[in-house]
Amino acid sequence: MKQYFLALAAGSALVAAQPVLAQSESPADLAKTIAADYDSKLEALFKDFHRNPELSYKEVRTAGIIAKEWRAVGWDVTEKVGGTGVVAVMKNGDGPTLMLRADMDGLPLVEDSGLDYMSTATQVSIDGEEKPVMHACGHDVHITSLIGTARRLSAMKDRWRGTIVLIAQPAEERIGGAKLMMDDGLYSRFPKPDFAMAFHVSADTPTGKLALREGITYSSSDSVDITVHGVGAHGASPHRGKDPIVMGAQIIMNLQTIVSREIAPLQPAVVTVGAFNSGFKHNIISDKATMQLTVRSDDQETREKLLEGIKRIAENVGRMNGLPEDKLPEVKISHERTPATYNDVTLSRRIRNLFSERFGADVFDDQPRQGMGAEDFAYFVAPNTDVPGVYFSVGGTPQADFDREDAGGPPVPSHHSPFFKVAPRESVTLGTEAMTAAALDYLAPKTE
């Protein structure tokens with residue numbers, strides 16, 4: 001924590017000169033208050049988080065700072081939920097329960113963004129290897145914004161009634177942290193929400209813009225490992241072995257027919273082989289090959305059909321090549337998986353109308369989905385939870401950067417790129433205002 005206090009020292013005089021929280025803030029003044037809070041408090045927090053990212057399941061320092069900041073403004077905080085997860089609760093009379101979530105892990109990348117506060121951090125991952133770490137997906141924006149939201153809601157308790165639960169979630173990048181928190185009793189140990197909400201900063205969306213869709217928002221994701229067992233032999237005598245590379249190649253090519261020939265043409269589905277490894281010498285036929293796949297879909301029926309098809313194809317390629325039953329290719333589905341994320345239609349329309357009234361009808365950047373990214377926020381709002389949810393996006397890249405790209409300039413860096421960066425002030429303040437405004441609307445005191 002020492003580095004944290006050193007990082008904030010430059011702004012300490014300004015923070016001390018102002019009240020931590022304004023009392024009875026007006027919603028009309030919310031944007032100005034958040035902007036002032038960013039300048040005096042949140043900017044230093046964001047830069048500290050960005051300089052000191054932590055890998056999935058290892059977010060100890062990050063979680064400690066978040067817990068400290070939430071406690072400082074009156075929240076009842078519990079740490080180590082589902083590993084490094086943090087839960088904060090504030091009860092303020094009778095009313096609904098709202099959950100607001102932010103993810104906090106970084107990615108194993110060497111940052112090359114050119115920012116003067118870019119990360120040079122390394123950390124030993126849960127795999128036991130020391131890796132570089134970078135906030136290459138904007139989770140530093142999310143947690144800074146949720147701290148800002150917590151500060152505003154604490155200062156505006158006369159404007160809402162009910163219970164708010166804040167979630168700092170680990171391991172979104174390995175799509176495991178949400179399930180861990182659920183398995184650790186999130187909805188039994190703490191107030192179960194009537195509504196859950198989160199946002200993601202988007203490098204593909206201009207600053208000042210929001211994106212909010214009804215229904216499907218993120219696809220399901222399954223990580224699949226295939227091990228192909230062969231019989232090793234000399235490369236000059238292939239008839240004496242069973243070549244796992246050839247069998248692996250046959251599996252890979254046949255996997256493509258699942259989407260092209262078994263899934264309806266208008267039904268989204270992806271089977272991508274991201275890794276294929278075997279052998280170590282020119283003239284040796286290996287006895288094993290391994291593959292790593294990512295599998296995406298937008299509904300459970302398609303998801304199951306894809307996974308069943310992968311297993312069927314892998315095993316029958318083994319049979320086709322004469323492998324005995326106990327040596328057929330093994331297909332294992334990793335624990336790194338999540339169902340699809342759906343936005344509740346009724347609540348999405350309510351929040352969209354609120355954002356339109358507050359920020360103007362032109363605030364929305366309604367681009368169609370171009371990929372099948374996944375989000376483990378789905379575990380918090382899965383059908384079996386009976387918790388409706390809304391997940392939206394906040395623009396992170398200045399329009400001028402898109403204009404330069406269109407004119408032949410440098411491309412806007414994507415998420416998970418070593419060059420990734422967002423405009424933090426615009427992203428954090430808009431995310432904070434949107435989350436706070438949505439909370440105040442949903443928990444507005446009922447008039448008699």
Side-chain angles (χ1 to χ4, degrees), residues 31 34 100-103 135-146 148-149 172 195-221 268 296 298 338 340-378 380-381 388-403 405-406 411-417 420-439 441-442:
I34 290 171
L100 305 176
R101 170 267 202 177
D103 39 13
H135 269 303
C137 202
H139 295 187
D140 45 356
V141 171
H142 306 167
I143 50 180
T144 305
S145 179
L146 197 53
T149 301
E172 186 278 332
F195 171 33
M197 188 167 60
F199 81 86
H200 203 300
V201 66
S202 171
D204 299 325
T205 304
T207 52
K209 297 288 188 177
L210 301 170
L212 198 168
R213 300 181 183 91
E214 298 175 10
I216 184 69
T217 304
Y218 286 97
S219 301
S220 68
S221 175
R296 308 295 172 107
D298 282 356
T338 183
T341 300
Y342 287 87
N343 277 348
D344 180 81
V345 173
T346 301
L347 288 169
S348 295
R349 290 175 182 174
R350 175 175 175 172
I351 299 300
R352 189 178 175 94
N353 288 337
L354 170 71
F355 289 168
S356 181
E357 292 172 3
R358 183 171 193 90
F359 302 111
D362 62 349
V363 72
F364 295 108
D365 183 63
D366 291 321
Q367 300 180 48
R369 292 172 68 213
Q370 297 295 320
M372 298 188 74
E375 239 294 345
D376 68 351
F377 179 73
F380 299 131
V381 296
V390 170
Y391 196 106
F392 64 96
S393 295
V394 172
T397 300
Q399 182 60 49
D401 290 3
F402 292 109
D403 295 341
E405 180 180 25
D406 292 342
V412 172
S414 68
H415 291 256
H416 293 217
S417 160
F420 174 84
K421 58 183 176 181
V422 296
R425 191 178 200 278
E426 294 86 342
S427 304
V428 170
T429 55
L430 181 56
T432 302
E433 185 178 356
M435 290 282 267
T436 304
D441 178 76
Y442 185 73

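Taking the side chain as every heavy atom from C-beta outward, D441 and R358 never approach each other to under 4.5 Å. You'll find the side chain of Y342 stays beyond 4.5 Å of the side chain of V381, heavy atoms only. Proximity of F199 to V141: side-chain heavy atoms (C-beta onward) are separated by under 4.5 Å at one or more points. Here the side chains of C137 and H200 are in contact, with some heavy-atom distance below 4.5 Å. Put simply, the side chain of F392 reaches to within 4.5 Å of the side chain of M435, judged on heavy atoms. Contact check for H142 versus V201: side-chain heavy atoms found under the 4.5 Å cut-off.
Ring pair F420/H415 is tilted by interplanar angle, where 30° to 60° counts as tilted.
Residues V394 and S427 come closest through the heavy atom pair CG1-O, 3.8 Å. When all heavy atoms of S219 and R296 are compared, the closest pair comes out as CB-CB, 4.5 Å. In plain terms, the two heavy atoms of D298 and R369 that are nearest each other are OD2-NH1, 2.9 Å. Annotation for A438 and L354: closest pair CA-CD2, 3.5 Å, computed over non-hydrogen atoms. E214 and S348 make their closest contact through CG-CB, 4.0 Å (heavy atoms, listed as atom of the first residue, atom of the second, distance).
One finds the OH atom of Y391 at 8.0 Å from the OG1 atom of T341 (value rounded to the nearest 0.5 Å). Atom CE of residue M372 and atom CD1 of residue I216 lie 7.5 Å apart, to the nearest 0.5 angstrom. Taking CG from L210 and OG1 from T205, the interatomic distance works out to 9.0 Å, rounded to the nearest 0.5 Å.
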### Task
Decide yes or no on side chain to side chain contact (heavy atoms under 4.5 Å, CB included) for V428 and T432, but give the supporting numbers first.
CA-CA 6 Å; V428 170; T432 302; 4.0 Å; yes
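Partners of D406 under the salt bridge (charged side-chain N to carboxylate O under 4.0 Å, His left out) rule, at least two apart in sequence or in another chain, do not exist in this structure.
Under the 6.0 Å cut-off for aromatic ring centres, F377 and Y218 do not qualify, their centroids lying 6.0 Å or more apart.
Shown are V363, D365, D366, I351; of these, the side chain to side chain contact (heavy atoms under 4.5 Å, CB included) with L212 is made only by I351.
In terms of modelled atom types and a separation under 3.5 Å, the side chain of T397 and the main chain of G395 share no donor-acceptor contact. Although no hydrogens or angles enter the test, the distance criterion places no donor-acceptor pair under 3.5 Å between the side chain of S356 and the main chain of R352. Counting only distance, with no hydrogens or angles, the side chain of D103 and the backbone of H139 share no donor-acceptor pair below 3.5 Å.
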